[in-house]
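Here's the structure we're looking at; comments come further down.
In what follows, every chain begins at residue 1, and chains take the letters A, B, ... in the order their sequences are listed.
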Amino acid sequence: MSLILSEEQEFLRDTVREFVQENAPVTALRALRDSQDPDGFSRELWKEMAELGWVGAALPEDLGGAGLGFAELGIVLEECGRTLAASPYLSTAVLGASALELAGTDAQKKELIPEICSGERVWALAFQEGGQFAPFECATVAESAGDGFRLSGEKLFVLDGHVADTLIVTARSAGGSSDREGIRLFLVDPKAAGVEITRTLMVDSRNAARIRFDAVEVDRSAALGQVGTGAATLDAVLDRAAICLSAEMLGSTQEVFERTLQYLKDRQQFGKPIGSFQALKHRAANLFCEVELSKSIVLDALRALDEGRPGLSLIASSCKARCSDTFVLAANEGVQMFGGIGMTDEEEVGLFLKRAKVAAHCFGDGAYHRNRFAALSGY
Amino acid sequence: MSDLDAFRTETREWLEENAPALIRQPIRGDEDTVWGGRNAVYDHPDQKLWLERMGAKGWTCPTWPKEYGGGGLSAEESRVLAEELARLGCRPALFSFGITMLGPVLIEFASEEQKRRFLPPIARGEIRWCQGYSEPGAGSDLAGLQTRAVLDGDEYVVNGQKVWTSYADLSDWIFCLVRTDPDAPKHDGISFLLFDMASSGVEAAPIQLISGSSPFCQTFFQDVRVPKDQLIGKVRGGWTIAKRLLQHERSMISQLGTGGGPRAEGLPELGRRYLGGTEGEPLPDPLIRDRISQFGMDRLCFGATTRRSVDAAKAGRGAGAETSMFKYYGTEMNKRRTELAVEIAGAQGLGWEGEGFSDAEVGLTRGWLRSKGNSIEGGTSEIQLNVIAKRVLGLPD
């Protein structure tokens with residue numbers, strides 16, 4: 001597949017861009033933050049995005065999706081990244097939908113995926129337990145209880161955890177807390193007895209929650225996927241998530257870089273634009289190269305998902321590591337080059353910095369993915 | 001079967017039949033690279049045979065028009081040829097600055113007569129070319145060059161000095177930037193001249209580098225007489241050609257950059273050999289391992305960027321200044337790779353020659369030193385960043 005956009009894809013990009021700039025500019029995130037909005041996103045906007053076919057972009061038409069691919073889904077996320085648009089896109093359209101698609105039975109898919117595409121239900125995947133991203137460190141247990149299971153444990157940094165209509169929870173039915181084997185996925189109703197959800201306010205003003213499961217009873221049909229496949233499913237879901245979040249980060253990175261460039265051209269000191277100084281020019285030019293490489297690997301990774309290319313995990317890790325590091329670099333350079341004004345809450349560049357650090361951590365930062373890349377490569 | 005599939009089948013059959021067995025072996029060292037020219041050196045007769053066969057097909061320069069000695073292939077056919085060559089592990093038939101740098105600008109700027117005269121011998125590897133660009137006083141400020149060419153009847157008389165002329169002592173002809181108008185603003189007084197290195201008044205002296213090899217020369221011109229029909233393009237129009245040629249040169253250097261060459265042992269393999277540990281388990285040094293991994297990922301990203309640029313060019317969206325990005329990033333990556341390789345090998349990567357070091361280990365040392373030049377030759381990294389800042393980002397002067 002070509003690494004440049006087709007005419008149809010360009011049209012989609014322009015349409016999404018116009019919609020997002022109009023309906024979810026950076027000021028919208030600020031308003032959600034300042035009003036302490038209980039949902040942390042606009043339900044109305046989410047519904048509209050669903051109606052436009054963007055939530056189910058990569059899902060099959062017979063399940064209510066648009067039948068496009070990850071290349072198109074990536075375009076939507078990239079544009080959302082440009083304005084730091086808050087929505088349950090990652091938690092629902094990527095994590096929830098992928099888990100169902102990869103591990104669900106036909107009946108589960110038929111019942112649950114259309115409700116994702118239509119924007120009716122918000123999903124959340126609860127897997128992380130410690131401050132470090134270590135998806136296979138799982139102390140949450142699922143004991144057999146009667147005809148079903150009893151879940152106990154605690155999860156944190158659950159994206160959209162406090163607004164989710166359904167939770168997917170990793171818990172182990174066998175093995176020690178660091179074993180990949182023994183992990184299973186369970187569908188849990190957030191209103192079930194024993195589920196205690198606490199919203200956590202993150203620095204990027206996006207949704208996350210801490211969730212305790214205290215002997216939560218679920219029945220047998222709540223298990224998602226066969227015994228022994230949990231870790232592989234989680235791996236595949238997180239590869240998708242890493243690539244899709246990278247697309248979002250790419251949009252944010254380009255935006256903060258372009259804003260910084262504009263500032264370098266506008267801001268006058270010593271009687272000329274600060275962008276005429278070589279000390280800043282070279283940093284901007286170097287950053288341009290880093291951003292271009294990010295763009296290439298995101299486009300390639302999205303296409304690798306669509307093609308089902310072998311070695312996908314290596315590409316996913318390369319993509320997430322690079323986009324994390326580049327976004328953080330671009331945001332840091334942005335704040336520095338904006339100077340004093342970049343330190344103020346009023347200037348939006350700071351919001352990009354805050355998002356950069358959270359997004360870099362989410363689904364594994366550069367160091368995590370370099371370690372994973374090396375392990376997958378046999379060294 | 002599509003035309004392209006038919007071409008692939010034909011190509012595969014031809015290569016199976018015509019690529020000698022030796023040519024399918026990986027390149028071990030300089031003795032395995034063929035530069036052609038009047039005094040061509042072949043380590044083995046199969047190298048000569050391979051060059052003659054590929055030259056006769058025009059496949060040393062597959063996309064050049066047939067009338068100029070090229071293969072007349074489309075971009076797609078050329079890609080198929082490259083894939084089929086790679087499938088058999090064939091060595092390039094010819095390394096040539098004529099092909100990578102001079103040919104493309106001749107096709108764009110030379111007269112019909114000049115094209116017919118100069119291009120076919122390049123394609124067949126009969127004439128080896130060198131590049132007369134840098135001067136002692138004109139490095140990054142290339143347009144400040146002082147070598148003079150004064151018209152005297154039907155000939156230019158050339159006087160001056162070039163430096164960093166790659167393989168000038170082994171080359172047959174030179175493409176040379178000369179000042180034909182000393183009174184014009186510096187960029188406007190330059191012309192692009194071709195002449196025979198065997199001309200009276202030309203002298204080349206190799207310069208020994210920190211790596212111990214001497215690929216570059218100082219080149220002196222004293223009253224060298226050059227027929228005026230060997231000037232390419234317009235008189236005083238040389239800077240435009242010079243810049244275009246630099247783009248081709250930068251592409252060439254940046255592609256050396258990421259260590260994909262057949263000679264380069266991968267960093268993970270080096271790590272396993274010198275750091276030990278169990279096969280399949282993490283290397284014992286976590287910091288080195290992290291850097292190897294970083295390089296592996298950057299290489300994937302750089303590769304994807306190269307492919308994206310090819311796709312963009314196919315769609316007619318190529319941008320010239322992008323070559324500066326490839327040149328900058330590719331050469332900086334290559335320096336990072338050689339630096340890391342030497343560190344992985346420890347003391348074994350720091351031997352100069354003789355007892356106690358394998359050829360490959362000495363190669364690591366020498367390669368590390370040689371790579372320092374990658375971000376200087378063909379325009380320094382700092383010059384590339386200037387080009388990007390100005391032409392791509394539009395930052396003010």
Side-chain angles (χ1 to χ4, degrees), chain A residues 1-7 257-258 260-262 264-265 272-278 280-301 303-304 311 314-315 317-323 325-326 366-367 369-379, chain B residues 266-272 275 277 279-283 286 288-315 317 321-322 324-326 328-330 332-333 381-382 384-397:
Chain A
M1 269 186 242
S2 172
L3 290 174
I4 56 171
L5 301 188
S6 67
E7 270 180 43
F257 178 52
E258 286 163 21
T260 305
L261 268 184
Q262 194 56 52
L264 291 180
K265 292 173 188 175
K272 42 182 164 177
I274 59 173
S276 65
F277 301 126
Q278 207 172 37
L280 298 182
K281 271 185 181 172
H282 281 193
R283 278 159 63 180
N286 176 65
L287 190 50
F288 166 79
C289 297
E290 302 291 356
V291 174
E292 285 299 301
L293 264 70
S294 307
K295 207 183 282 181
S296 308
I297 196 69
V298 166
L299 288 163
D300 194 40
R303 281 150 188 73
L314 288 172
I315 300 172
S317 277
S318 301
C319 186
K320 182 60 172 56
R322 164 156 289 274
C323 290
D325 292 346
T326 307
H369 283 287
R370 285 193 295 278
N371 178 43
R372 181 172 184 250
F373 184 93
L376 289 169
S377 307
Y379 64 89
Chain B
L267 293 172
E269 292 75 25
L270 278 179
R272 188 59 74 197
L275 304 177
E279 199 60 46
E281 292 294 314
L283 293 170
I288 293 275
R289 177 172 177 264
D290 187 77
R291 286 163 66 196
I292 295 175
S293 183
Q294 175 83 61
F295 183 83
M297 291 178 157
D298 285 345
R299 203 169 137 181
L300 277 185
C301 296
F302 191 82
T305 308
T306 306
R307 279 186 283 127
R308 181 159 69 89
S309 156
V310 170
D311 288 343
K314 269 192 229 152
R317 294 188 224 167
E322 280 181 8
S324 286
M325 170 179 74
F326 287 111
Y328 164 67
Y329 212 92
E332 293 296 335
M333 272 184 74
S381 283
E382 290 71 21
Q384 306 312 319
L385 292 174
N386 282 349
V387 172
I388 294 167
K390 181 172 177 165
R391 302 209 185 283
V392 184
L393 305 181
L395 289 171
D397 279 328

Enter the distance from [X]:[atom1] to [Y]:[atom2] here, rounded to the nearest 0.5 Å.
X      : Y      : atom1 : atom2 : answer
B:E322 : A:C289 : CD    : SG    : 10.0 Å
B:L395 : A:I274 : CG    : CD1   : 10.0 Å
A:S296 : B:R307 : OG    : CZ    : 9.0 Å

Sort [X] into side chain, backbone, both or neither according to what part of it lies under 4.5 angstrom from a heavy atom of chain B.
X      : result
A:A284 : both
A:L5   : backbone
A:L299 : side chain
A:S317 : both
A:Q278 : side chain

Using non-hydrogen atoms and a 4.5 Å limit, figure out which bit of [X] sits close to chain A: side chain, backbone, both or neither.
X      : result
B:L275 : neither
B:E281 : backbone
B:E332 : neither

Provide the closest heavy-atom pair for [X] versus [Y] in the form atom of the first, atom of the second, distance.
X      : Y      : value
B:L393 : A:F288 : CD2-CD1, 3.8 Å
A:D300 : B:A304 : CB-CB, 4.2 Å
B:R272 : A:G378 : NH2-O, 3.2 Å
A:A374 : B:S293 : N-OG, 3.8 Å

Backbone of [Y] reached by a side-chain donor or acceptor of [X] within 3.5 Å:
X      : Y      : result
B:R308 : A:E292 : yes
A:K281 : B:P396 : yes
A:R370 : B:M297 : no
B:D311 : A:I4   : no

Does B:K390, at its NZ atom, have more than 12 non-hydrogen atoms belonging to other residues, nucleotides or ligands within less than 6.0 Å?
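No.
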Go through it in stages, so that I can follow the logic: the residues are B:E269 and A:Y379, the test is side chain to side chain contact (heavy atoms under 4.5 Å, CB included), and I'd like the CA-CA distance, side-chain angles, deciding distance and then a yes or no.
CA-CA 9 Å; B:E269 292 75 25; A:Y379 64 89; over 6 Å; no
Please rank A:N371, A:D325, A:L264 by heavy-atom pairs under 4.5 Å with chain B and give me the top one.
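With the most close heavy-atom pairs to chain B, the winner is A:N371.
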Taking A:L314, A:V298, A:N286 one by one, which has the highest count of heavy-atom pairs under 4.5 Å against chain B?
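Most pairs with chain B among the choices: A:N286.
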Test of understanding: with salt bridge (charged side-chain N to carboxylate O under 4.0 Å, His left out), list the residues that count as partners of B:R289, not counting sequence neighbours.
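Here no residue qualifies.
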Output, in order, the C-alpha distance, side-chain angles, deciding distance and verdict of side chain to side chain contact (heavy atoms under 4.5 Å, CB included) for A:K295 and B:T305.
CA-CA 8 Å; A:K295 207 183 282 181; B:T305 308; over 6 Å; no
B:G296, B:C301, B:A389: which one forms the most heavy-atom pairs within less than 4.5 Å of chain A?
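Sorted descending by pairs with chain A, the first entry is B:C301.
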Candidate pair A:R322 and B:D298, rule side chain to side chain contact (heavy atoms under 4.5 Å, CB included), full reasoning
CA-CA 8 Å; A:R322 164 156 289 274; B:D298 285 345; 3.0 Å; yes
